[in-house]
Undergrad: 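Please find one structure pasted underneath; my questions will follow.
Just so it is clear, the model here is predicted, and its values are computed rather than measured.
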Amino acid sequence: HAVVLCGGTMQPFEDLRQQLFTNLPPGRLRTAAYGHIVPPERVAPVIFSRGPRGSPLSFSFGSRGAPALMDELGELLLALAATVPDGLVVFVPSFQYEAQLV
């Protein structure tokens, strides 16, 4: 049997190993890490403080589930997707929050 975990933000891996593979004998776990594969000229990290309607984008834990905020974020992403020719990568803090947004 094999378990393959892939992701871009799994470091430090030791924490993940302690949570998921506590009973695995030493030597049975193999890991690999690779450098950034997207050329720097294709990366444009951008932070938006306001949405297209001018509403502040404040994603504190207590306010990030507000329907008006999620609508504002949706409008922003739609506007960006219509402008950026080759697509977007959007990072969210958890799978649970991603499910709320979608």
Undergrad: Could you give the distance from CE (Met70) to CD (Gln100), rounded to the nearest 0.5 Å?
TA: 5.5 Å
Undergrad: Quick check: closest heavy atoms across Leu76 and Pro52, and the distance to 0.1 Å?
TA: N-CG, 3.6 Å
Undergrad: Using the rule that two of Ile, Leu, Val, Met, Phe, Trp, Tyr join whenever any of their side-chain heavy atoms come within less than 4.5 Å, decide whether Leu77 and Val43 are in one cluster.
TA: no
Undergrad: Can you hop from Leu57 to Val89 via hydrophobic side chains spaced under 4.5 Å?
TA: no
Undergrad: How many angstroms lie between CG in Asp86 and CZ in Arg42, if you round to the nearest 0.5 Å?
TA: 5.0 Å
Undergrad: Using only atom types and a distance under 3.5 Å, with no angle test, would you say the side chain of Thr83 pairs donor to acceptor with the backbone of Ala79?
TA: yes
Undergrad: Do Ile47 and Phe91 belong together in a cluster built from hydrophobic side chains that touch within less than 4.5 Å?
TA: no
Undergrad: How close do Ser55 and Glu72 get, counting heavy atoms only, and between which atoms?
TA: N-OE2, 3.6 Å
Undergrad: Do Val90 and Val84 land in one hydrophobic cluster if side-chain heavy atoms of ILVMFWY residues count as linked below 4.5 Å?
TA: yes
Undergrad: What heavy-atom pair brings Ser63 and Ser58 nearest, and what distance separates the two atoms?
TA: OG-O, 3.0 Å
Undergrad: I need the Phe21 CZ to Leu29 CG distance, nearest 0.5 Å.
TA: 6.0 Å
Undergrad: Flag the pair Asp71 and Arg53 as a salt bridge only when some basic side-chain nitrogen lies within less than 4.0 angstrom of an acidic carboxylate oxygen.
TA: no
Undergrad: If hydrophobic clusters are built from ILVMFWY residues whose side chains come within less than 4.5 Å, do Leu78 and Leu69 share one?
TA: no
Undergrad: With a 6.0 Å cut-off (strictly less than), is the heavy-atom count around CD of Gln96, excluding the residue itself, greater than 12?
TA: no
